[in-house]
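Right, one structure below, let's go through it.
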Amino acid sequence: MSDAFLKNPLSLFDIRGKTAIVTGASGAFGALAAKTLAGAGANVVLAASKQADLDKVGGDCKALGAKIATVAMRPSSEANCDKIVQAAVDAFGGVDILVVAGGLNKVAKIVDQKVEDFLEVMDANVNQSWLMARAAGKQMLSQGRGGKVILTSSARGLLGHPAGYTAYCASKSAVDGITKALGCEWGETGITVNALGPTVFRSPLTAWMYEDSERAQTVRKGFLARVPKGRLGEPEDLAGPLLFLASKASDFYTGHILYADGGYTAG
């Protein structure tokens, strides 16, 4: 085994010139993923439902020096996923990295939750992850140079929640299953399949938890009692693990869920 990498260990994290697809690119994690990969030198294909939102994230990526392409559609069907992958091939000649960042949660106790809401959560989190991994995987396999598939899990794929999370917990457990199964299925192909499992991190949806209001302080105190690091997550807490999973540094790491949770799932 060559130890040439020791002359420049940071080269293990080099993704310059790679082509990444990010679905759910207009959401908090998707936009962060897109900008992280753009800042690291990758070409980025952004996919989400609204072109105006894509233009905003795309502008941020361009400001970081990246070449981008946008596809205004969700990975909600086989045809859509194929079109998203084809956009990457047309723009940049192939696909090296896939980040499935979109997701959905509808909170309700099981006896109150509408069946259609449960199915919608499962479709957004499970079906679309499977469909997008399938489409990108076909392209990566045909290229024969490996690749990186990164799905979005959650601490809730491992742990339950009493507030009406049966749909969300079930969906993230299913994403974990896809991750492990594909890690095994593609193990010898050079394609790694892993999932990033965050807990609460700062975003427009969670901004209230970072405030000094009485409600925020109460909720935060209860939550942080379970977090060994003693704080909520920040965007940069996800950027590092994402870059690891997207780069050569994780070549021997597949079928895993990497929890970016301050130790929440350890206790």
Side-chain angles (χ1 to χ4, degrees), residues 21-34 46-54 56-57 70-85 87 98-138 149-182 193 195-201 203-209 215 219 223 238 257 259 261 265:
I21 295 173
V22 180
T23 65
S26 61
F29 176 55
L32 171 66
L46 308 169
S49 59
K50 296 181 181 178
Q51 187 64 49
D53 294 337
L54 288 173
K56 182 179 184 306
V57 178
T70 62
V71 187
M73 60 180 60
R74 294 174 178 168
S76 53
S77 68
E78 180 180 8
N80 281 9
C81 292
D82 288 343
K83 289 176 182 176
I84 293 169
V85 171
L98 169 66
V99 182
V100 179
L104 179 67
N105 187 14
K106 292 197 171 184
V107 179
K109 297 298 180 70
I110 189 169
V111 294
D112 300 320
Q113 187 156 58
K114 297 177 181 178
V115 171
E116 54 266 34
D117 286 348
F118 175 84
L119 295 175
E120 186 178 359
V121 171
M122 295 298 287
D123 178 65
N125 296 348
V126 184
N127 297 0
Q128 293 182 26
S129 294
W130 187 89
L131 286 167
M132 198 65 229
R134 180 175 182 265
K138 285 181 180 179
V149 174
I150 304 166
L151 305 181
T152 301
S153 182
S154 166
R156 295 302 159 203
L158 181 67
L159 304 172
H161 196 288
Y165 273 50
T166 54
Y168 190 73
C169 289
S171 71
K172 292 304 181 179
S173 293
V175 169
D176 292 354
I178 292 171
T179 301
K180 294 173 183 178
L182 274 184
V193 185
L196 187 58
T199 184
V200 177
F201 77 100
S203 73
L205 289 177
T206 63
W208 67 272
M209 288 186 68
R215 177 188 176 221
V219 172
F223 181 75
L238 300 181
I257 294 82
Y259 293 106
D261 64 356
T265 56

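Every value quoted in this text rests on a predicted model; they were computed, and no experiment measured them.
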## Note on the structure
The reported gap from NZ in K172 to OG in S153 (rounded to nearest 0.5 angstrom) is 6.5 Å

### Summary
Nearest heavy-atom contact between P75 and L131 is O-CD1, 4.2 Å

### Query
What is the minimum heavy-atom distance between A28 and P204, and which atoms define it?
CB-CD, 4.1 Å

### Query
When rounded to the nearest 0.5 angstrom, what is the spacing between OG in S154 and CD1 in I257?
11.5 Å

### Task
Could you grab the distance from atom CG of L54 to atom OG of S49, nearest 0.5 Å is fine?
7.5 Å

### Rounded distance [0.5 Å steps], CG in D123 versus OG in S77
10.0 Å

### Query
If you round to the nearest 0.5 Å, how far is OG1 of T23 from CD of Q128?
8.0 Å

### Task
Check whether any side-chain heavy atom of V149 sits under 4.5 Å from a side-chain heavy atom of L182, and report yes or no.
no

#### Entry: Nearest non-hydrogen partners of V57 and A34, listed with the distance
CG1-CB, 4.1 Å

Side-chain donor/acceptor pairs under 3.5 Å, residues 100-114, sequence neighbours excluded:
| residue | atom | partner | partner atom | Å |
| --- | --- | --- | --- | --- |
| K106 | NZ | D117 | OD1 | 3.4 |
| K106 | NZ | E120 | OE1 | 2.7 |
| Q113 | NE2 | K106 | O | 2.7 |

### Task
Determine the minimum heavy-atom distance between G157 and S173, stating which atoms define it.
O-OG, 2.8 Å

### Task
Output the distance between atom CE (M122) and atom CG (L119), rounded to the nearest 0.5 Å.
8.5 Å

### Message
With a 6.0 Å cut-off (strictly less than), is the heavy-atom count around CZ of R156, excluding the residue itself, greater than 12?
### Response
yes

### Query
Side chain of D261, backbone of T199: donor and acceptor closer than 3.5 Å?
no

### Summary
All heavy atoms of I21 vs all of V85, minimum pair found to be CD1-CA, 4.0 Å

### Query
Between T206 (side chain) and M209 (backbone), is there a donor-acceptor pair under 3.5 Å?
no

### Message
Between S171 (side chain only) and V126 (backbone N and O only), is there a donor and an acceptor less than 3.5 Å apart?
### Response
no

### Message
Check the orientation of H161 and Y165. Use parallel for under 30°, tilted for 30 to 60°, and perpendicular for over 60°.
### Response
parallel

### Query
Can you name the nearest heavy-atom pair linking V175 to N125, along with the distance?
CG2-O, 3.2 Å

